[in-house]
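Taking it in order: structure first as structure tokens, then the write-up.
If you read the sequence from its start, that first residue is 1, and numbering goes on from there. For the numbers below, each heavy atom of this structure counts, side chains included, while hydrogens, waters and symmetry mates do not.
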Amino acid sequence: MVRRVLIAVGMVLLVSGGLGLWLWWNAQPAPKGEAYVGMTNVPLWDGNGQIRRQLQNLSWGAKLTVLDEYNDSIKVRTPQGKVGWVKQDRLIDSDVWQRLGKLAESVRQMTSQAPAHTAVRSNLRVDPGRSAPRVGQLKPNTPVDVLARGVAMRSAENARASDTPRKEDWLLVRARTGKGAEIAGWVVASFINLDLPDPLPAYATSAGMSPVAFFPLRTVEDPKSGPKPYYLVAGTSGPQGQPCDFTMLRVYTWSTVKQRYETAFVQNNLCGHLPIRVERDADPQHDALFSFDDSALGSRQLTYRMRNTIVRLLRSPSATQDAKNAHAPGARTARR
């Protein structure tokens, strides 16, 4: 009888111990927070050692539950319940994600200042500056829309000890992820190439201009080569870090006689600020207006009208000085 009792107790202990071990082994760790995938095709590993197996690829923006941390790796659980490890620099914490959401909301109604593409692999940051949190990464030749310009001090780790502190230009851009969702962020300006059509890049270079924005204004019908847009190009000269987004304007028109673009309008000595606002007539061959804020002689808005190939600064009750500036040495109508 005693023997049977002992056997029964032993069986109970064995089963309960095994059950406890199973529950301990399969227990879900308590979550420590949330994070979001900040790059495309981020690998999820079954461990954080040198020998590991990839479980799946995670898409940009996927919401993950943070379970643990070890060195530069984060243990996470996916919405489907899969648990694995991800490199910490591939994730965005929840606070930065909220800031990114506000940034995305603010740029939703912003007008593109230029179509462009990334020249190299480019980190997107939530603010201008290399020390700002990274919120994504764009591959080379990724199409983007340029929305705004900013300036930040170049961080010490990117400069030599003998260098004096200097500023660098940043661009706020909007791109699309592989899933078709939009993502916005700040990128080093030198990593972005504007898609300015030929031969306008050469024209801008000969004028000493670094373009920051461009727009088609109106179109002329060429019997030989079809419709040809007229272009407004805004840019700067000199080093990066200037307080003005652009200091120069050029308007390039197409000559049906000479079969080439010509410089039809020149404006210098500006301190313009993006965005440039363009209004076109429903008929692309008719007038176009463009305007922007300028702070060269105090903050005010300048508005120009293009009629045929002639560009003029519009008079207004509050812009008497503006009309004088249009006839100053820095502003002229020209032919290239």
Side-chain angles (χ1 to χ4, degrees), residues 36-43 57-62 87 89-92 96-97 99-101 103-108 110-155 157-159 166-202 204-205 209-216 231 233-236 239-242 245-246 274-276:
Y36 297 81
V37 179
M39 298 176 65
T40 57
N41 296 323
V42 172
N57 281 327
L58 302 175
S59 301
W60 184 90
K87 288 293 184 181
D89 61 1
R90 303 295 193 267
L91 301 179
I92 304 172
V96 174
W97 185 262
R99 292 171 59 188
L100 180 61
L103 178 63
E105 185 65 28
S106 68
V107 306
R108 189 159 294 153
M110 294 177 70
T111 302
S112 172
Q113 300 297 288
H117 65 276
T118 53
V120 296
R121 190 175 296 274
S122 306
N123 288 326
L124 282 170
R125 300 191 183 275
V126 72
D127 292 307
R130 299 184 185 236
S131 60
R134 187 179 69 177
V135 294
Q137 191 177 77
L138 302 178
K139 296 179 180 179
N141 296 316
T142 299
V144 300
D145 287 320
V146 174
L147 304 174
R149 171 187 170 270
V151 175
M153 297 298 298
R154 191 172 177 86
S155 56
E157 62 267 21
N158 299 114
R166 64 185 181 92
K167 298 177 180 179
E168 63 181 354
D169 291 347
W170 286 71
L171 295 176
L172 177 61
V173 301
R174 180 171 54 212
R176 289 190 176 275
T177 67
K179 296 289 186 179
E182 286 189 349
I183 179 173
W186 291 89
V187 180
V188 177
S190 58
F191 293 173
I192 301 295
N193 288 340
L194 269 59
D195 296 331
L196 198 63
D198 287 332
L200 302 190
T205 299
M209 174 196 288
S210 298
V212 298
F214 73 93
F215 303 85
Y231 289 102
V233 182
T236 61
Q240 295 190 25
Q242 299 183 39
D245 290 342
F246 57 93
L274 300 178
I276 298 174

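The main-chain N or O of Val151 is never found under 3.5 Å from a side-chain atom of Asp169 such that the two would form a donor-acceptor pair. Distance alone, capped at 3.5 Å, is enough to place a donor-acceptor pair between the Thr118 side chain and the Lys139 backbone. Distance alone, capped at 3.5 Å, is enough to place a donor-acceptor pair between the Arg174 side chain and the Val107 backbone. Between the side chain of Gln113 and the main chain of Thr111, a donor-acceptor pair closer than 3.5 Å is present. The backbone N or O of Pro201 lies less than 3.5 Å from a partner atom in the side chain of Thr205, making a donor-acceptor pair. A donor-acceptor pair under 3.5 Å is formed between the side chain of Arg125 and the backbone N or O of Ala132. Under the 3.5 Å distance criterion, the side-chain polar atoms of Ser122 are matched with a main-chain donor or acceptor of Val120. Checking side-chain atoms of Asp145 against main-chain N and O of Pro115 turns up no donor-acceptor pair under 3.5 Å. With hydrogens and angles disregarded, a donor-acceptor distance shorter than 3.5 Å links the side chain of Arg134 to the backbone of Asp89.
Among all heavy-atom pairs drawn from Ile276 and Ala234, the shortest one is CD1-CB, 3.7 Å. Here the closest non-hydrogen pair linking Ala119 and Pro140 is O-CB, 4.2 Å. The shortest heavy-atom contact between Val187 and Val173 is CG2-CG2, 3.7 Å. The nearest pair of heavy atoms linking Thr236 to Asp245 is CG2-O, 3.2 Å. Closest non-hydrogen pair, Val212 versus Phe246, comes out as CG2-CB, 3.9 Å.
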field: Gln240 and Arg154: CA distance, side-chain angles, deciding distance, side chain to side chain contact (heavy atoms under 4.5 Å, CB included) verdict
entry: CA-CA 11 Å; Gln240 295 190 25; Arg154 191 172 177 86; over 6 Å; no

task: Report the C-alpha distance between Leu103 and Leu172 in whole Å, list the side-chain angles of each, state the deciding distance to 0.1 Å, and finish with yes or no for side chain to side chain contact (heavy atoms under 4.5 Å, CB included).
output: CA-CA 10 Å; Leu103 178 63; Leu172 177 61; 4.1 Å; yes

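In this structure, Leu194 CG and Leu200 CG are separated by 11.5 Å, a value rounded to the nearest 0.5 Å. If you take CZ on Arg90 and CD1 on Ile92, they are separated by 12.5 Å, rounding to the nearest 0.5 Å. Expressed to the nearest 0.5 Å, how far CH2 of Trp97 lies from OH of Tyr36 amounts to 7.0 Å. Distance check: Leu147 CG to Leu171 CG gives 9.5 Å after rounding to the nearest 0.5 Å. In this structure, the separation between OG1 on Thr142 and CD on Gln137 is 9.5 Å, given to the nearest 0.5 Å. The structure places NZ of Lys167 at 6.5 Å from CE of Met153, a figure rounded to the nearest 0.5 Å.
Side-chain contact between Leu196 and Val233 is present, with at least one heavy-atom pair separated by less than 4.5 Å. A heavy-atom distance below 4.5 Å is not found between the side chains of Arg130 and Trp186. In this structure, Leu124 and Leu138 have side chains that are in contact, with non-hydrogen atoms separated by less than 4.5 Å. In this structure, the side chains of Pro133 and Arg99 come closer than 4.5 Å at one or more pairs of heavy atoms. At a threshold of 4.5 Å between non-hydrogen side-chain atoms, the residues Phe191 and Asn123 do not count as touching.
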